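A quick note: this is a predicted structure, and the numbers were derived from the prediction, not measured. The chains referred to below are lettered A, B, ... by the order of the sequence lines, with proteins before strands, and numbering in each begins at 1. Computed from heavy atoms alone, side chains included, the values below leave out hydrogens, waters and symmetry copies.
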Amino acid sequence: MSVVSLKPYDFPAADSQDKFHGNQLLYVGWEDHLMFCAPFCWPLPGAMSFGELLEKVLPGGFGYHPDFKKIDWSKVEWFKSGKPWRPDDAKSLAENGILHKDVIRFRTPGLTGIKGSCS
Amino acid sequence: MDVKVNKKLGLKERYALMTRGLGWDTTYQPMDKVFPYDKFEGIKIHDWDKWEDPFRMTMDAYWKYQAEKERKLYAIIDAFAQNNGHLGVTDARYINTLKLFLTGISPLEYMAHRGFAHVGRQMRGVGPRVACLMQSLDEIRHAQTQIHSMSNYNKYYNGFHDPMHMIERVWYLSVPRSFFDDAYTAGPFEFMIAIGFSFEYVLTNLLFVPFISGAAYNGDMGAMTFGFSAQSDEARHMTLGLECIKFMLEQDPDNLPIVQRWIDKWTWRGTRVLTLVGMMMDYMLPKRVMSWKEAWEIYFEQNGGALFNDLARYGITVPKCAAQAALDKEHVSHQAWATFYQYGAAADFHTWMPSSSEMDWLSEKYPNTFDKYYRPRFEYFAEQHKAGNRFYNLTLPMLCQTCQIPMLFTEPADPTKICYRESDYKGEKYHFCSDGCKEIFDHEPEKYIQAWLPVHQIHQGNCFDPGVDPAAPGFNPLAAVLDHYHINQGRDNMEFEGSEDQRNFAAWRTMAAKN
């Protein structure tokens, strides 16, 4: 459907990639860990490697959780737009097919938050 | 010569002369050019004179009533100020609800004033025009009386200093703000459904009862009085909203699907905004009126249910979102408070963890959800705070494109999973917290792609004051954003325990009671 208007209605999107000074937005959520109330939103260069995302970016957001240091990254399950997905740590975000405003999530088998409450 | 005495006019004649009698059809320009906005939405009106105003209020009577109410209100506000009424509230935590009201609600009253002035101008029927004019005046009065009542708190407590600046910038205030911006930028009939019906009629008790009863329960005469002063206006607003919807439905059968879609949309939009009120009821009032869940059951499920039964004869059905809201009522207040608690460094009020007796109250009121999903999280937060490791989340969250709330809501069928929905539009992805918000976007994507999402705006560099250089060494983005918001870091925000508000309240109350 489209908007009902009196005159032609055509305005640019507020958050197109060109407005982020060379970065793209990436949303990351950690399944079963709702202590973080919502997924995070990071502006990142598309050339950043996925490994760098894990090492340098995620700890700043998720590191407060006592489960974070227990994560075995080799066993982590990844999802992109909710579908199972396998990233390559050595490749960049762009090479991994991550576009502006993509949402990825990870599940850490065996780790289910504070007292198993998914917090 | 005999003096001819005119008979005093009856209410009905008076109303006719003072409203319909003041209107005329234009001759130099066609009516469609003078009133260009009241047809494009597709609503068909055949006879504007069929509009019935049950209050039959005329302007001269309106001034008289309102002046009387103002006199009473300001006498009480003065007495409250002179007697240091602020020291009579239950607990300094209560004052934070007023900050949320002043920054999140009072600016909307002003926006409602503008909205009804605009709609009144754009409707060619005289009946609704006069009714909208009065509502427009009521709304600016509400904005003023709220600001005046709460200005007394601004003398003593932090966070009351700049609501009109904050509403245009602060991340969580974009939620109520975008709600009104969405309504205001729609056509006049949609505005009437959005604000006049869905907000003022279906949802208004959920805003009013908690805040005003909450004020009364917590010893705040000042806030209670502006609530009561507004109440007779609210009764008139509810009647206008209901009359408007009946009028549209009676005028043409083609109006029904359009009106139904607006009801669905705006009931959901309103429900999402009221998450803030749910959190206030369950967590911010030291003395609680009732739980959010109970309020939802009484005012939406029972009262709203009766209203929709009444509208069923026109073909209107209960909004689609009611089923999800019935599940959400057990969760949203806890989810919202967890959010404000962790983002407490970026709010304009203080946050805290409930005491153990307050947690027990929550367990009792939410037997299905609190102990299972939320108590472990909150006890962990409280322990960490005690251990000197109070949780402040400093990474910005992902927001819903439509309601602009962080993506904190869980799947209707699984409270352990965040609810993610997305749409593609012109090669770009958009994300939503719910089916309701996604449907609203999908129906008018051209509108919502323009949303001013605070998190994205920060990342674009648009939320720093002029002259601030994000490339400078040691640049602290959070501090720069708070400066831009006019939030005083460490004074207006963060943990309640140990705050200046808490200390001052305790010291002044002691002074008031002792020599």
Side-chain angles (χ1 to χ4, degrees), chain A residues 1-21 23-44 57-58 60-66 79 81-82 99-103 105 107 112-119, chain B residues 36-37 40-42 187 335-336 338-339 341-343 372-381 384 389 391-399 405-408 410 415-418 420 422 425-426 428-431 433 442-447 449-453 455-457 459-462:
Chain A
M1 292 299 288
S2 65
V3 79
V4 177
S5 64
L6 202 54
K7 291 177 183 169
Y9 190 100
D10 185 18
F11 298 95
D15 298 317
S16 50
Q17 195 175 342
D18 56 299
K19 299 195 170 84
F20 291 88
H21 313 287
N23 290 321
Q24 62 184 63
L25 293 183
L26 176 64
Y27 307 110
V28 186
W30 184 5
E31 296 289 275
D32 310 328
H33 288 79
L34 296 176
M35 178 198 277
F36 306 104
C37 60
F40 290 127
C41 170
W42 276 294
L44 302 169
V57 179
L58 298 196
F62 296 109
Y64 185 84
H65 201 293
F79 304 86
S81 284
L99 303 172
H100 178 53
K101 291 171 77 184
D102 259 340
V103 61
R105 301 185 235 174
R107 207 181 140 254
T112 51
I114 308 298
K115 294 182 182 166
S117 68
C118 294
S119 279
Chain B
Y37 293 164
F40 80 93
E41 295 171 276
Q335 293 169 344
T339 302
Y341 180 81
Q342 62 193 264
Y343 286 110
K372 193 170 173 193
Y373 302 110
Y374 304 105
R375 186 186 273 271
R377 193 180 311 174
F378 288 174
E379 285 179 345
Y380 183 78
F381 287 157
Q384 292 299 306
N389 188 29
F391 184 29
Y392 288 113
N393 189 340
L394 299 176
T395 309
L396 301 182
M398 174 183 187
L399 307 180
I405 298 176
M407 295 270 294
L408 59 92
T410 46
T416 66
K417 297 257 176 283
I418 294 283
Y420 293 84
E422 63 178 62
Y425 180 72
K426 291 192 176 172
E428 194 169 314
K429 283 201 170 62
Y430 296 90
H431 301 272
C433 70
D442 288 344
H443 194 84
E444 294 178 305
E446 305 91 330
K447 186 169 189 179
I449 61 168
Q450 303 168 64
W452 194 92
L453 296 178
V455 168
H456 295 176
Q457 291 297 320
H459 286 325
Q460 287 180 30
N462 296 336

So which of Leu399(B), Leu394(B), Leu396(B) has the biggest tally of heavy-atom pairs under 4.5 Å with chain A?
-> Leu396(B)

Side-chain heavy-atom pair Phe40(A), Met398(B) within 4.5 angstrom cut-off = no

Close side-chain approach of Glu444(B) and Ser2(A), heavy atoms under 4.5 Å | no

With chain A, the option among Arg377(B), Gln342(B), His431(B), Lys447(B) that has the most non-hydrogen atom pairs under 4.5 Å is Arg377(B)

At a heavy-atom separation under 4.5 Å, does Glu41(B) approach chain A through its side chain, its backbone, both, or neither?
-> backbone

Relative to chain B, which of Gly60(A), Pro66(A), Gly61(A), Gly116(A) shows the most heavy atom pairs under 4.5 Å?
-> Pro66(A)

Considering only heavy atoms from C-beta outward, does the side chain of Glu446(B) approach that of Asp10(A) to under 4.5 Å?
-> no

If you tally heavy-atom pairs under 4.5 Å between each of Met407(B), Gln384(B), Gln457(B) and chain A, the highest tally belongs to Met407(B)

From the list Gly113(A), Cys118(A), Ala13(A), the residue making the most non-hydrogen contacts under 4.5 Å with chain B is Ala13(A)

For Phe381(B), is it the side chain, the backbone, both, or neither that has a heavy atom closer than 4.5 Å to a heavy atom of chain A?
-> side chain

Note: Ser119(A) and Tyr373(B) closest approach over all heavy atoms is OG-O, 3.6 Å

Using a 4.5 Å cut-off on heavy atoms from C-beta on, say whether the side chain of Pro12(A) contacts that of Gln450(B).
-> no

Sidechain-backbone polar pair: Lys19(A) side chain, Gln460(B) backbone, donor-acceptor under 3.5 Å = no

Are a donor atom and an acceptor atom from the side chains of Glu422(B) and Ser81(A) found within less than 3.5 Å of each other?
-> yes

To the nearest 0.5 angstrom, please state how far the NZ atom of Lys426(B) sits from the OG atom of Ser16(A).
-> 12.5 Å

So CG of Asn393(B) and CE of Met35(A): to nearest 0.5 Å the spacing works out to 10.5 Å

Would you say Phe79(A) has more than 12 foreign heavy atoms packed within less than 6.0 Å of its CZ?
-> yes

Worked check of side chain to side chain contact (heavy atoms under 4.5 Å, CB included) between His456(B) and Cys41(A) | CA-CA 8 Å; His456(B) 295 176; Cys41(A) 170; 4.0 Å; yes

Does the pair Asp32(A) and Lys417(B) meet the rule for a side chain to side chain contact (heavy atoms under 4.5 Å, CB included), with working shown?
-> CA-CA 7 Å; Asp32(A) 310 328; Lys417(B) 297 257 176 283; 3.0 Å; yes

From Thr410(B) atom OG1 to Leu34(A) atom CG, the distance as rounded to the nearest 0.5 Å = 7.5 Å

Locate the shortest heavy-atom distance separating Ile418(B) from Cys37(A); write the atom from each residue and the value.
-> CD1-O, 3.6 Å

Chain A heavy atoms under 4.5 Å from Lys372(B): which part of the residue, side chain, backbone, both or neither?
-> backbone

Nearest heavy-atom pair of Asp15(A) and Leu453(B): which atoms, and what distance?
-> OD2-CD1, 3.9 Å

Ring centres of Phe20(A) and His459(B) under 6.0 Å apart?
-> no

Let me see the working for Glu379(B) and Lys115(A) under side chain to side chain contact (heavy atoms under 4.5 Å, CB included), right down to the final yes or no.
-> CA-CA 11 Å; Glu379(B) 285 179 345; Lys115(A) 294 182 182 166; 4.1 Å; yes

Side chain proximity check, Arg105(A) to Tyr420(B), heavy atoms < 4.5 angstrom = yes

Which heavy atom of Pro406(B) sits nearest a heavy atom of Ala38(A), and at what distance?
-> CB-CB, 4.1 Å

Side chain, backbone, both or neither: which part of Tyr343(B) has a non-hydrogen atom closer than 4.5 Å to chain A?
-> side chain

Enter the distance from Ser5(A):OG to Phe40(B):CZ here, rounded to the nearest 0.5 Å.
-> 7.5 Å

How about Tyr64(A) and Asn389(B): do any of their side-chain heavy atoms sit closer than 4.5 Å?
-> yes

Bottom line for Leu25(A): the part with an atom under 4.5 Å from chain B's heavy atoms is side chain

Part of Phe36(A) within contact of chain B (heavy atom distance under 4.5 Å) | both

